[in-house]
Amino acid sequence: MLQDSFIETSVKRKNGLTEVIFNTFLIAIAIVAIFFAFFVNFLIGENYFFISGIVSFGIVAGVVILIKRQSKIYEIEISNDLVDCATILGDNKREELVSFSLKDCEYIGPVTSDRFNSDKESANIVIKMTEYKQFDIDDNHWYWLFTDEGMKILIVFMYKEEMYPVFRRYNPRNTKPMVMPHKPKEKDNEDE
């Protein structure tokens, strides 16, 4: 009897240079807007500090919400042959991306394979569930290629060694074969 397999993994998307520049620009604009909201009181000569305070609070809240929304966590759950992929936005809103069976995959393998570039070009949707939008082409990143409702979908993900036996169990024909490391045989102790 086969044992059930369950693998859960998550990857937090790290901010690249464009996000850092955007956040810095957003904070600078917010500081200028708050300064302008209080400076208007001095130009008018009236005491509207309460309204300026409310406007300033709204600006700060808007900036915090925009910065938190950039936080993304990609989550993969593999339960036997079923794969569920989801995105967690801002640490509280879960959005299901796609669910599929490993048996339906046309190819499972590393992005270093010869097929990757042609599969990426032929795919209608490419989902990158990696730390950075621009990931390295190495053996730590694998991908699934499958068709769902007439759309070819390619999902790039961070590979873990415990995933490979599950891939081979449910889709041995379309999983890239790998040489598994062998344990050295124990030498017999011979007394001389």
Side-chain angles (χ1 to χ4, degrees), residues 6-79 82-101 111 116-117 119-138 140-160 162-163:
F6 182 77
I7 300 170
E8 184 176 63
T9 182
S10 63
V11 175
K12 183 172 182 170
R13 174 67 54 92
K14 295 183 179 174
N15 290 338
L17 183 62
T18 55
E19 285 87 2
V20 171
I21 291 171
F22 174 75
N23 291 345
T24 305
F25 181 72
L26 189 66
I27 291 170
I29 293 294
I31 291 170
V32 169
I34 291 170
F35 176 76
F36 183 72
F38 281 103
F39 187 69
V40 168
N41 288 322
F42 295 113
L43 288 178
I44 296 175
E46 296 292 325
N47 189 5
Y48 294 114
F49 286 109
F50 179 72
I51 295 172
S52 298
I54 291 174
V55 169
S56 300
F57 179 76
I59 291 171
V60 169
V63 167
V64 168
I65 288 170
L66 286 174
I67 289 175
K68 281 188 93 176
R69 278 190 143 189
Q70 292 178 3
S71 172
K72 280 187 183 178
I73 298 173
Y74 291 106
E75 187 177 78
I76 298 172
E77 291 179 359
I78 303 172
S79 179
L82 299 175
V83 179
D84 292 318
C85 299
T87 302
I88 302 171
L89 300 170
D91 295 334
N92 59 6
K93 183 180 178 189
R94 182 182 173 91
E95 181 179 308
E96 296 294 328
L97 292 176
V98 68
S99 292
F100 62 94
S101 172
V111 296
F116 178 67
N117 289 329
D119 285 344
K120 187 177 175 183
E121 290 174 8
S122 69
N124 300 98
I125 299 171
V126 177
I127 301 172
K128 300 173 186 172
M129 301 183 76
T130 57
E131 290 180 331
Y132 295 101
K133 288 180 185 176
Q134 301 299 324
F135 55 89
D136 294 331
I137 304 296
D138 58 16
N140 292 329
H141 296 95
W142 277 46
Y143 72 99
W144 292 299
L145 179 68
F146 61 96
T147 304
D148 185 36
E149 296 179 9
M151 301 281 285
K152 256 192 175 175
I153 301 173
L154 184 139
I155 300 176
V156 179
F157 62 95
M158 296 291 291
Y159 172 73
K160 289 185 173 181
E162 65 214 30
M163 295 176 171

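This structure is a prediction, so every number in the text was calculated from the model and none was measured.
Closest of all the heavy-atom pairs between E96 and A86 is OE1-CB, 4.0 Å. Taking both residues in full, the closest heavy atoms of L97 and M129 are given as CD1-CE, 4.4 Å, listed atom of the first, atom of the second, then distance. Of all the heavy atoms in F116 and V156, the pair that sits closest is CE1-CG2, 4.1 Å. Considering all non-hydrogen atoms of both residues, D148 and V98 come closest at OD2-CG2, 4.4 Å. Of all heavy-atom pairs between V111 and I137, the closest is O-CG2, 3.8 Å. Residues M163 and M158 approach most closely at CE-O, 3.9 Å, considering heavy atoms.
Between atom OG of residue S56 and atom CD1 of residue I51 there is a gap of 11.5 Å, rounded to the nearest 0.5 Å. Put simply, OG1 on T87 and CD on E75 are 9.5 Å apart, with the number rounded to the nearest 0.5 Å. For the atom pair CD1 of I153 and OH of Y143, the computed distance is 15.0 Å after rounding to the nearest 0.5 Å. Note that the CD1 atom of I78 and the CD1 atom of I7 stand 5.0 Å from one another [nearest 0.5 Å]. The CG atom of D84 sits 6.0 Å away from the CD atom of E77 when rounded to the nearest 0.5 Å. Between F36 atom CZ and I59 atom CD1 the span is 10.5 Å, to the nearest 0.5 Å.
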Discussion item. Between I76 and W144, is the side-chain contact (heavy atoms from CB on, under 4.5 Å) condition met? List the steps.
Written reply: CA-CA 12 Å; I76 298 172; W144 292 299; 3.8 Å; yes

Discussion item. Does N140 form a side-chain contact (heavy atoms from CB on, under 4.5 Å) with W142? I'd like the steps, not just the answer.
Written reply: CA-CA 7 Å; N140 292 329; W142 277 46; over 6 Å; no

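Annotation: F38, atom CZ; neighbour count of heavy atoms from other residues, nucleotides and ligands within 6.0 Å is above 12. Residue-environment remark: CZ (F25) stays at or below the threshold of 12 foreign heavy atoms within 6.0 Å. Within a 6.0 Å sphere centred on CD of Q134, heavy atoms belonging to other residues, nucleotides or ligands number 12 at most. Counting heavy atoms of neighbouring residues, nucleotides and ligands inside a 6.0 Å radius, atom NZ of K128 exceeds 12 of them.
Taking 4.0 Å as the cut-off between side-chain N and carboxylate O, E19 and K133 count as a salt-bridged pair.
At distances below 3.5 Å, at least one donor-acceptor pair connects side-chain atoms of S52 with backbone N or O atoms of A37. With hydrogens and angles disregarded, a donor-acceptor distance shorter than 3.5 Å links the side chain of R13 to the backbone of T130.
Looking only at side-chain heavy atoms (C-beta outward), C85 and I127 stay at 4.5 Å or farther from each other. Annotation: side chain of F157 is not in contact with side chain of V11 (no heavy-atom distance under 4.5 Å). Here the side chains of I34 and V60 are in contact, with some heavy-atom distance below 4.5 Å.
Classification of the F146-F100 ring pair by plane angle, with boundaries at 30° and 60°, yields parallel.
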